[in-house]
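Reviewing the structure listed below.
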Amino acid sequence: MAGLGAHYSARDIEARILAAIRAAGLNPEQHLSPEELGALDHFHTGGLRASLELLEVAQIRPEDRVLDIGAGLAGPARLLASALGCRVDCIEMSPDFCAGAVLLNRLTGLDDRIEVHQGSALDLPFPDDSFDAVWMQNVGMNIADKQQLYGEIYRVLKPGGRYAFQEMAAGEATTSYFPLPWATDPADSFLVSIAELHAVLGKNGFVAELFEDTSDAHLNAPTADAAPSPLTLGVFVDNLAQKAGNARRSLQEGQIRLVRGVFRVQ
């Protein structure tokens with residue numbers, strides 16, 4: 001979750017979440033829906049809309065066991081558990097976000113379907129062949145060792161399992177506008193080209209079922225006309241408007257690309 005801004009304690013995270021929920025006119029004492037929280041807990045380009053689009057192509061079944069890597073506050077995990085009824089394990093490095101995810105799982109009544117683990121995507125704490133599907137959105141650009149990352153994903157997937165992802169890739173021009181949502185400066189950003197991303201997945205044994213550049217579709221997506229809500233990434237992200245603006249400008253100028261894919265284990 002690099003690039004989000006200030007570090008918050010678990011208690012601060014919980015307080016900020018509850019304050020934002022109440023400010024939005026919601027009652028945390030009643031079960032909330034994942035959709036109601038969507039503007040707050042989907043830490044990736046396109047937010048809840050992008051998660052719903054990935055859900056459409058991921059072909060995840062209710063009986064599947066799913067791993068959400070770099071889960072943040074576990075918004076996508078709650079979407080999967082609520083929409084499909086599947087069981088989801090979350091892996092997240094930040095103990096603060098793990099605490100926030102546990103809180104939101106409880107507030108949505110989904111804590112019996114979602115388990116939150118603190119740990120690294122490069123050393124997944126699960127046996128081989130544990131999952132039917134792995135889900136990851138906007139995480140790889142913070143990880144330099146792509147070979148280890150995708151090797152670990154392959155290892156924990158069952159034969160025939162699927163890896164569904166959304167990721168930022170390097171464009172033809174050098175990334176020059178910082179801070180970005182995932183990186184305050186170039187040292188935090190580990191983008192590779194679309195061709196390199198496809199190649200490293202192939203080297204790790206994955207076969208593409210879907211791989212597409214969604215940059216233009218994202219830029220042309222309609223923006224909501226609803227009144228501003230306290231439930232936004234601004235609860236956690238410093239300088240959100242500047243970072244989002246830099247990301248959009250980088251997309252428009254071809255410095256970065258947004259890709260989506262579903263790859264299968266042979």
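Below, each value reflects all heavy atoms present in this structure, side chains not excepted, and no hydrogens, waters or symmetry copies.
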Is it the case that [X] and [Y] place a side-chain donor and acceptor less than 3.5 Å from each other?
X: Ser51; Y: His44; result: yes
X: Gln166; Y: Thr45; result: no
X: Glu167; Y: Asn138; result: no

Using every non-hydrogen atom in the two residues, find where [X] and [Y] come nearest and quote the distance to one decimal.
X: Ile256; Y: Leu251; value: O-CD2, 3.4 Å
X: Val66; Y: Trp135; value: CG1-CB, 4.3 Å
X: Asp112; Y: Arg87; value: O-NH1, 2.9 Å
X: Val265; Y: Pro159; value: CG1-CA, 4.1 Å
X: Leu73; Y: Ile17; value: CD2-CD1, 4.2 Å
X: Asp41; Y: Leu37; value: OD1-O, 3.0 Å

> What class does the angle between the rings of Tyr163 and Phe206 fall in, given that below 30° is parallel, 30 to 60° is tilted and above 60° is perpendicular?
Replying inline: tilted

> Mind checking whether Phe165 and Phe263 have parallel, tilted or perpendicular rings, split at 30° and 60°?
Replying inline: tilted

Where the side chain of [X] meets the backbone of [Y], is there a donor-acceptor pair that is under 3.5 Å apart?
X: Asn204; Y: Val200; answer: yes
X: Arg16; Y: Val235; answer: yes
X: Glu152; Y: Leu149; answer: no
X: Arg260; Y: Glu53; answer: no
X: Lys146; Y: Leu197; answer: no
X: Thr108; Y: Asn105; answer: yes
X: Glu92; Y: Gly72; answer: yes
X: Gln242; Y: Asn239; answer: no
X: Asn142; Y: Trp182; answer: yes
X: Thr214; Y: Ala217; answer: no

salt_bridge([X], [Y]) N-O dist < 4.0 Å:
X: Arg11; Y: Glu14; result: no
X: Glu209; Y: Arg162; result: no
X: Arg65; Y: Asp132; result: no
X: Lys158; Y: Asp129; result: no
X: Asp111; Y: Arg106; result: no

> Do the side chains of Leu32 and Leu104 get nearer than 4.5 Å, heavy atoms only?
Replying inline: no

>> Taking CD in Glu63 as the centre, count heavy atoms belonging to other residues, nucleotides or ligands within less than 6.0 Å. Is the count above 12?
In response: yes

Quick check for you: to the nearest 0.5 Å, what is the distance between [X] atom [atom1] and [Y] atom [atom2]?
X: Asp12; Y: Asp96; atom1: CG; atom2: CG; value: 8.0 Å
X: Leu258; Y: Met168; atom1: CG; atom2: CE; value: 5.0 Å
X: Leu103; Y: Ile13; atom1: CG; atom2: CD1; value: 10.0 Å
X: Asp238; Y: Lys243; atom1: CG; atom2: NZ; value: 5.5 Å
X: Asp89; Y: His117; atom1: CG; atom2: NE2; value: 3.5 Å

Can you hop from [X] to [Y] via hydrophobic side chains spaced under 4.5 Å?
X: Val259; Y: Ile153; answer: yes
X: Leu210; Y: Leu54; answer: yes
X: Leu48; Y: Leu26; answer: no

